[in-house]
Colleague: 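Sending over a structure as structure tokens; questions will come in a sec.
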Amino acid sequence: MMNEKALIRAMPWLVTIGLFVIWEALCVITGVEPFILPRPTVVFASMVQFGPQILHHSLQTLFTTTAGFALGVVGGALLGIFIGASRLVYVGLYPVLVGFNSIPKVALVPVLVIWFGIGTIPAIITAFVISFFPIVVNVATGLATIEPELRDVLRSLGATKTEILTKIGLPRAMPYLFASLKIAITLAFVGSVIAETVASNEGIGYLMLSASSSYNVPLVFAGLIVVAVMGVLMYAVAVWFERRMTGWAFRGSDLMS
């Protein structure tokens with residue numbers, strides 16, 4: 001009999017396969033046309049047919065997403081530390097960040113095209129902008145929620161504000177940081193694909209736009225699946241680093257064992 005750990009590892013695969021089976025069955029039963037909703041078998045056949053093109057464009061999307069995400073991690077972590085370390089800065093900058101995050105990122109792409117032209121740079125910047133906010137918020141929250149009693153005890157023992165930040169605040173903020181990374185990496189893919197559909201001649205977004213203009217719906221769904229797979233893989237990388245760098249924060253959790 002399958003033990004619990006093996007079942008937990010198998011569940012994502014079982015659920016994914018089950019969804020594809022249900023999708024296939026519904027398409028066959030309803031007789032829906034492929035140009036409206038293609039069957040998974042048709043989509044996978046399109047992946048094989050257009051394999052070289054999909055590979056080229058997916059590598060471009062992966063590059064822009066990774067570059068934008070890396071900038072978001074560095075910039076977001078630094079600004080999050082700056083905001084979380086000062087109550088005054090927190091109160092002053094937080095509303096500005098919330099307002100900026102409320103702007104639809106697709107509305108920024110035309111501005112980026114004016115500044116940088118079409119291509120890779122707008123996609124990287126869009127991925128950066130869309131992944132930046134959750135990292136800032138989580139890091140700042142991790143630093144700002146240190147218990148006042150703990151601060152008082154450390155100060156009474158002679159700890160400086162910098163020592164409290166580096167020895168207590170930053171380790172405390174690490175679980176918050178990695179929680180935000182798992183969110184930000186998926187958002188970074190959204191930003192890249194949005195920019196590629198508007199202002200690029202490469203990438204999965206561009207491929208999907210080109211396919212939709214020629215009514216090649218299976219190829220559009222193939223692009224969607226490729227983006228989903230890349231997102232899951234990058235999410236898994238973030239989880240791998242989280243388990244090894246902040247495992248102490250999940251003591252007693254079955255999911256982290």
Colleague: Hey, do the aromatic rings of Phe44 and Phe20 have their centres closer than 6.0 Å?
Modeller: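 Between Phe20 and Phe44, which both carry aromatic rings, the centre distance is below 6.0 Å.
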Colleague: Would you say that more than 12 heavy atoms from the other residues, nucleotides or ligands in this model lie under 6.0 Å from the CD1 of Ile103, or not?
Modeller: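 Correct, the count exceeds 12.
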Colleague: State, with a plain yes or no, whether a side-chain heavy atom of Leu207 is found less than 4.5 Å away from one of Ser210.
Modeller: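 Answer no - side chains too far apart.
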Colleague: Check whether the side chains of Gln60 and Ser192 place a donor and an acceptor atom closer than 3.5 Å, and report yes or no.
Modeller: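 Not at all, the side chains of Gln60 and Ser192 share no donor-acceptor pair under 3.5 Å.
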Colleague: Under the criterion side chain to side chain contact (heavy atoms under 4.5 Å, CB included), I'd like the reasoning laid out for Phe133 against Val98: C-alpha separation, chi angles, the key distance, then a yes or no.
Modeller: CA-CA 8 Å; Phe133 183 75; Val98 172; 4.2 Å; yes
Colleague: Output yes when a side-chain donor or acceptor of Thr126 lies under 3.5 Å from a complementary backbone atom of Ala195, and no otherwise.
Modeller: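 No; zero donor-acceptor contacts below 3.5 Å.
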Colleague: For Met208, is there any backbone N or O sitting under 3.5 Å from a side-chain donor or acceptor partner on Ser212?
Modeller: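 Answer holds: yes.
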Colleague: Just how far is it from atom CG of Leu219 to atom CG of Leu224, taken to the nearest 0.5 Å?
Modeller: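 It is 10.0 Å, given to the nearest 0.5 Å.
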Colleague: Quick one: does Tyr176's side chain get under 4.5 Å of Val137's, heavy atoms only?
Modeller: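 No, their side chains stay 4.5 Å or more apart.
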Colleague: Using a 3.5 Å distance criterion without hydrogens, assess whether the side chain of Glu196 forms a donor-acceptor pair with backbone atoms of Tyr206.
Modeller: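 Side chain of Glu196 to backbone of Tyr206, a donor-acceptor pair under 3.5 Å: no, none is there.
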Colleague: Name the residue from Leu97, Val74, Ile135, Val139 that meets the side-chain contact (heavy atoms from CB on, under 4.5 Å) definition with Leu79.
Modeller: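 The residue from Leu97, Val74, Ile135, Val139 that satisfies side-chain contact (heavy atoms from CB on, under 4.5 Å) with Leu79 turns out to be Leu97.
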Colleague: State plainly whether one hydrophobic cluster holds both Val111 and Leu71, where clusters connect Ile, Leu, Val, Met, Phe, Trp and Tyr through side-chain heavy atoms under 4.5 angstrom apart.
Modeller: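 As far as the 4.5 Å side-chain criterion goes, Leu71 and Val111 are connected within one cluster.
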Colleague: Looking at Phe63, I'd like to know if its CZ atom is crowded, meaning that more than 12 non-hydrogen atoms belonging to other residues, nucleotides or ligands lie closer than 6.0 Å.
Modeller: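 No, because the 6.0 Å sphere around CZ of Phe63 holds 12 heavy atoms or fewer from other groups.
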Colleague: Compare all side-chain heavy atoms of Trp240 with those of Val237 and state whether any distance is below 4.5 angstrom.
Modeller: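 A side-chain contact is absent here, since even the closest heavy-atom pair is not under 4.5 Å.
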Colleague: Would you kindly confirm whether Met234 and Phe241 end up in one hydrophobic cluster when ILVMFWY residues are joined by side chain heavy atoms under 4.5 Å apart?
Modeller: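 In one cluster: yes.
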